[in-house]
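Structure, as structure tokens:
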Amino acid sequence: EPGESGVVRTIFEVGNFSGTVDKLATIWIKGEPEENPSIRLTIRVVIPVLVELSPRTVQWEIGKNAQPQVIHITMHDDKPVKVLGVTSSSPSFRHALKTIEEGRKYDLEITPETPLQLGLGLYRVETDSPYARFKVVQCFATVRRAAAPAAPATPAGS
């Protein structure tokens with residue numbers, strides 16, 4: 001009845017989402033037409049990132065300087081989370097894991113073997129996190145072609 005209140009319960013599957021995520025919940029009051037919901041609610045959920053990789057991708061251009069690049073691994077859990085190991089999908093890159101602060105901070109240093117050829121590597125970082133979604137996190141390394149230079153702008157009306 002008008003003026004009454006109630007409770008709406010929703011289940012939100014977080015999947016691989018992290019950070020702030022907005023979801024839409026559509027509500028029909030009994031007797032309302034199916035094609036016209038009574039209320040549309042936006043639900044904002046903040047999903048913590050317990051294992052942060054920054055940046056998620058390191059890249060080089062073909063033929064350019066192939067200096068090592070670092071992906072910083074930071075644990076944001078209340079308890080320490082250790083990196084158990086790192087595996088790569090590609091022999092095109094070398095990597096080394098360095099412990100900065102056990103259970104809190106690590107650096108993954110990646111270097112292309114041959115900076116003159118295209119390459120893509122997927123890295124799987126295994127942790128001892130008690131949460132399934134943070135047991136394995138992924139990052140990438142790539143050697144790519146240089147971006148083509150932008151065409152010069154032409155004056156209007158030419």
Side-chain angles (χ1 to χ4, degrees), residues 7-27 37 39-156:
V7 175
V8 176
R9 297 184 196 277
T10 63
I11 296 175
F12 182 73
E13 297 288 335
V14 295
N16 288 323
F17 292 109
S18 59
T20 302
V21 178
D22 289 345
K23 287 299 221 175
L24 181 66
T26 309
I27 300 171
I39 302 169
R40 295 178 198 266
L41 297 174
T42 299
I43 302 168
R44 178 162 290 151
V45 180
V46 179
I47 304 165
V49 178
L50 299 181
V51 179
E52 177 186 11
L53 303 175
S54 180
R56 298 240 6 155
T57 302
V58 289
Q59 34 187 327
W60 297 262
E61 289 184 5
I62 291 178
K64 298 281 182 161
N65 191 343
Q67 293 298 311
Q69 292 191 45
V70 175
I71 294 177
H72 303 285
I73 305 167
T74 306
M75 308 307 180
H76 296 290
D77 202 341
D78 293 339
K79 297 178 183 169
V81 175
K82 294 180 183 176
V83 172
L84 303 176
V86 176
T87 56
S88 171
S89 67
S90 173
S92 299
F93 300 91
R94 291 187 313 272
H95 69 275
L97 181 68
K98 296 180 181 176
T99 301
I100 307 303
E101 182 184 341
E102 183 74 26
R104 297 289 178 202
K105 294 182 180 185
Y106 300 84
D107 280 349
L108 177 59
E109 186 177 274
I110 303 173
T111 310
E113 288 286 353
T114 309
L116 299 176
Q117 68 184 50
L118 295 174
L120 174 65
L122 164 70
Y123 283 85
R124 294 173 49 88
V125 179
E126 294 181 53
T127 75
D128 67 353
S129 173
Y131 305 102
R133 69 183 299 218
F134 295 109
K135 285 190 179 294
V136 177
V137 290
Q138 297 179 348
C139 54
F140 304 89
T142 180
V143 176
R144 60 183 178 85
R145 288 185 177 87
T154 56

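Both backbone and side-chain heavy atoms feed into the values below; hydrogens, waters and symmetry mates do not.
Using a 4.5 Å heavy-atom cutoff, the side chains of T57 and C139 are not in contact. Using a 4.5 Å cut-off on side-chain heavy atoms (C-beta onward), L24 and L41 make no contact. The shortest distance between side-chain heavy atoms of R44 and V21 does not fall below 4.5 Å. Under the 4.5 Å side-chain criterion, counting only non-hydrogen atoms from C-beta, V143 is in contact with I62. Looking only at side-chain heavy atoms (C-beta outward), V125 and V83 come within less than 4.5 Å of each other. Looking at I71 and R56, their side chains never come closer than 4.5 Å, going by heavy atoms from C-beta outward. No side-chain heavy atom of P80 sits less than 4.5 Å from a side-chain heavy atom of M75. L97 is listed as a side-chain neighbour of Y106, based on a closest heavy-atom distance under 4.5 Å.
Checked against side chain to side chain donor-acceptor pair (under 3.5 Å), R40 has no partners two or more places apart in sequence or in another chain.
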Practice problem: Show your reasoning for whether side-chain contact (heavy atoms from CB on, under 4.5 Å) applies to I110 and H95. | Solution: CA-CA 4 Å; I110 303 173; H95 69 275; 4.2 Å; yes

Exercise. Could you give me the CA-CA distance, side-chain angles and deciding distance for L108 and V86, then say whether side-chain contact (heavy atoms from CB on, under 4.5 Å) is met?
Key: CA-CA 9 Å; L108 177 59; V86 176; 4.0 Å; yes

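In this structure, the separation between CD1 on I73 and CG on D107 is 7.5 Å, given to the nearest 0.5 Å. Interatomic distance, F140 CZ to F93 CZ, rounded to the nearest 0.5 Å: 12.0 Å.
No side-chain donor-acceptor contact under 3.5 Å links W60 to the backbone of Q69.
Listed by first and then second residue, the salt bridge (Lys or Arg N to Asp or Glu O under 4.0 Å) pairs that reach into residues 93-102 are R94-E113, K98-E109, sequence neighbours excluded. Applying the side-chain hydrogen bond (donor to acceptor under 3.5 Å, both in side chains) definition to pairs two or more places apart or across chains, those involving residues 73-90 are E52-H76, S90-S92. Residue pairs meeting the side-chain hydrogen bond (donor to acceptor under 3.5 Å, both in side chains) criterion with at least one member in residues 122-133, sequence neighbours excluded, do not occur. Sorted pairs that involve residues 66-75 and meet salt bridge (Lys or Arg N to Asp or Glu O under 4.0 Å), not counting sequence neighbours, are lacking altogether. Among residue pairs with one or both ends in residues 137-146, those qualifying as side-chain hydrogen bond (donor to acceptor under 3.5 Å, both in side chains) are Q59-R144; sequence neighbours excluded.
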